[in-house]
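Notes follow the structure.
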Amino acid sequence: MAYKALYRTYRPQKFSEVIGQDHIVRTLQNSLASGKISHAYLFSGPRGTGKTTVARIFAKALNCAAPETNEPCGECLSCREIAEGNSPDVVEIDAASNNGVDEIRDIREKVKFLPSGSKYKIYIIDEVHMLTQGAFNALLKTLEEPPKHVIFILATTEPHKVLPTILSRCQRFDFKSLSVREIAELIRKVAREEKFSISEEAVIAIAEGAEGGMRDALSYLDQAASFADDEITIDDVNSVTGNLNYDKLIELATYFEEKNINQALHAIDELLIMGKEVNKVVGALLQFYRDALLYKTIDTSMFSKYIYEKEEFKVLAEKIDAKKIFYYVDVLSDVQTKIKFSTTPQIYLEVAVIKMINEVADSDYAGRIKALEEKIQNLRDIENNAVGSKINILESKLAKITGELSRLELPELAARIEALEKEFKELRNLGKDDKRGEAPKPAADVMDQLQKLSEKVEAFEGKMKQESEKTAKPQRKISRKRISEGQLSFFSDNFFNQEKNTETEEAPTVDEPSEDDIGIIKLSDFEEAAEEHQETAKKMPAENVRFVANEEIRETENSQLVRRLNPVQPAVEERPIIPEKKSEPVPEPKTSGEDPLRGIYDEEYNSYSVSVLERILHSSRTPEARDGKGRIINIWKNLTRNCSSDLLSTAQILQDGQIVAVGNKEFVLIYPTASLCNQVMRPKFKRKALPLLYQALGEAYNYMALPENIWFDKRTEYINQYNIGIKFPKLTPFDDPRLSADETDTMSPQERMASEAIRILGEEIVKIE
Ligand SMILES: [Zn+2]
């Protein structure tokens with residue numbers, strides 16, 4: 001048996017089977033009952049709403065041999081012939097294909113003849129609006145004077161295209177689109193009878209996709225059923241109808257709201273790859289925003305549209321501003337028009353999406369203000385957090401300090417207070433016991449003691465308070481600037497001034513430290529130590545001159561406390577500040593045959609060793625070193641003038657450096673860059689530089705070159721430690737990767753080539769600038 005399409009199988013054969021056109025059915029049945037039959041009927045309405053179906057049922061009923069209560073019997077010959085499309089008296093003409101004037105002329109010829117055995121000769125002309133002007137006119141002639149046995153039933157989806165003169169001669173029936181509910185009911189019924197398994201979502205999707213047409217609904221069901229594996233799902237339906245899934249639409253609309261152009265375009269691309277047509281996508285979006293607008297403005301619980309049931313839709317629709325929806329609809333309608341004539345509709349859609357997202361971003365001032373407000377609030381929160389965390393840090397520091405204080409000093413204090421309280425109690429009891437007469441005066445010495453004790457307690461409390469206040473301020477750290485102007489000038493930058501007054505030994509200015517100041521060691525302490533050392537040095541033979549580390553710097557109570565509070569806790573090493581090898585006798589320039597420079601090319605100078613710097617800094621604090629510094633700086637100015645021509649460039653490079661600290665036969669030179677330092681630190685350079693220095697200074701000196709910034713850092717490190725009472729500060733190692741005095745590593749390609757040339761040809765031949 002040949003497959004019969006569902007819409008044919010389930011096409012209504014009786015008025016009672018017609019769905020959704022009750023008003024038409026009732027009127028037609030009434031006219032059948034009353035016998036008041038018109039000669040021309042116009043059935044208008046959307047496709048698939050049952051116009052031709054009703055026309056056939058009407059025709060059957062008109063010609064039925066045995067009609068039963070205004071219904072065709074369906075059994076008689078006429079009924080059967082009409083149902084099969086074989087009736088000679090019921091002629092169906094599809095004007096869409098037979099639109100010529102000739103067809104209508106043919107009708108005009110034939111209407112003259114009586115029906116063969118039936119009561120009426122019935123012409124059903126479908127899509128009547130498709131007739132040409134000529135055919136219309138021909139039809140009009142027939143309609144003006146129709147024979148009594150002839151009935152015209154004209155059907156059209158576009159009644160406005162039908163000539164008014166024809167319309168005025170017809171009894172008109174407007175078929176309405178079927179509701180989703182009506183179609184869904186039928187789909188469920190058909191699915192039941194056909195034993196299809198179908199999800200409710202799929203039923204709704206078919207009903208909605210059919211757009212009010214029963215025929216489309218049934219053919220969708222038909223196709224989806226043949227498409228589906230087991231149960232008919234929404235995806236099966238969507239792939240048949242070409243419609244978009246609501247989930248997909250919600251996803252797309254969400255991207256629009258998030259202003260996520262990338263994702264929106266990607267989603268659209270996916271839809272098109274899946275085979276959805278651009279116009280379907282645009283149509284679906286329009287529909288979607290229309291639904292959203294309806295949802296926002298009216299009660300949609302009456303609507304049977306499935307999208308109104310979706311939670312994600314409701315949430316999204318609530319969020320989208322109505323003005324925005326109007327804008328979207330404008331843009332989408334525009335696209336809908338444009339893509340009809342475009343060969344590249346996708347581009348229009350993509351541009352529209354960008355436009356929708358961007359222009360809204362530009363015009364949505366309220367949204368932008370809101371976003372800005374949120375940003376400001378965020379910034380405020382961050383700021384509050386920052387302040388909060390600062391306070392937290394300060395608080396924890398304070399807690400640590402007071403903890404330390406209490407651990408260190410308060411037990412003693414508490415004991416003192418306890419003792420005081422005990423004394424008070426005793427005194428009070430003394431008064432109580434003596435009830436008879438005047439209270440005895442406490443002994444004068446006890447009162448004195450009491451007074452002294454409370455003064456001490458007060459003083460200590462004040463000191464503690466002062467300390468906690470100082471510690472609570474993070475800026476309390478001694479800055480580099482302050483140091484460079486500050487207390488310790490023995491290796492500060494202003495050595496050029498010193499060259500004039502090295503004789504006077506002016507006491508360096510101290511930043512007015514109070515007696516109780518913690519954190520700044522009194523310069524006088526250091527001066528004392530230096531003087532002591534000087535005296536010791538005088539008493540000792542020259543070769544045994546040592547600067548002994550544990551030479552006592554007088555320690556105050558405060559510096560002791562600071563040391564205990566200081567987390568650095570450096571081990572104060574007891575080691576000679578001047579190494580023995582430094583105490584070799586001062587050589588006279590070019591006197592003996594022995595090389596005075598022997599031993600000065602010490603390996604430790606070939607690398608950036610922090611212990612060398614420490615040693616220079618330690619010994620730079622002695623008055624002798626200060627004298628030496630003044631002398632060297634004087635000579636330094638004339639370094640190039642007094643040297644031999646082959647050492648001129650070496651002298652020039654040395655002179656470019658600045659002497660910042662002089663120790664015992666060694667000093668620190670600073671340069672602006674690490675590469676300059678590396679150059680003068682290399683053994684190759686030193687082989688020329690050290691003899692030059694020996695010549696100029698009259699003594700064998702070595703040096704360390706440092707970049708300015710590193711020098712300042714190290715110096716600060718040193719002073720900070722010294723200021724809190726560490727007599728011989730230990731510095732952290734040099735960690736700048738650019739510092740390297742290694743010959744091979746730092747050679748530039750040119751330098752390498754040059755040294756290679758010298759190796760092969762000899763220094764006399766190769767002269768390199
Ligand atoms: Zn019949």
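Numbering of residues begins at 1 and proceeds along the displayed sequence. Both ligands and their constituent atoms are indexed starting at 1 by order of listing.
For Phe326 and Tyr289, the distance between ring centers is not under 6.0 angstrom.
Between the side chains of Gln346 and Glu350, at least one donor N or O sits under 3.5 Å from an acceptor N or O. Side chains of Glu201 and Tyr246: no donor on one and acceptor on the other come within 3.5 Å.
Using a 30° and 60° split on the angle between ring planes, Phe43 and Phe173 fall in the perpendicular class, above 60°. Taking the six-membered ring where tryptophan is involved, the planes of Tyr308 and Phe313 are perpendicular, since the angle between them exceeds 60° and thus also 30°.
Take Gln223 and apply the side-chain hydrogen bond (donor to acceptor under 3.5 Å, both in side chains) test, not counting sequence neighbours, and it matches no residue.
Only protein N, O or S atoms were considered, and those under 2.8 Å from the Zn ion (ligand 1) are Cys64 SG, Cys73 SG, Cys76 SG, Cys79 SG.
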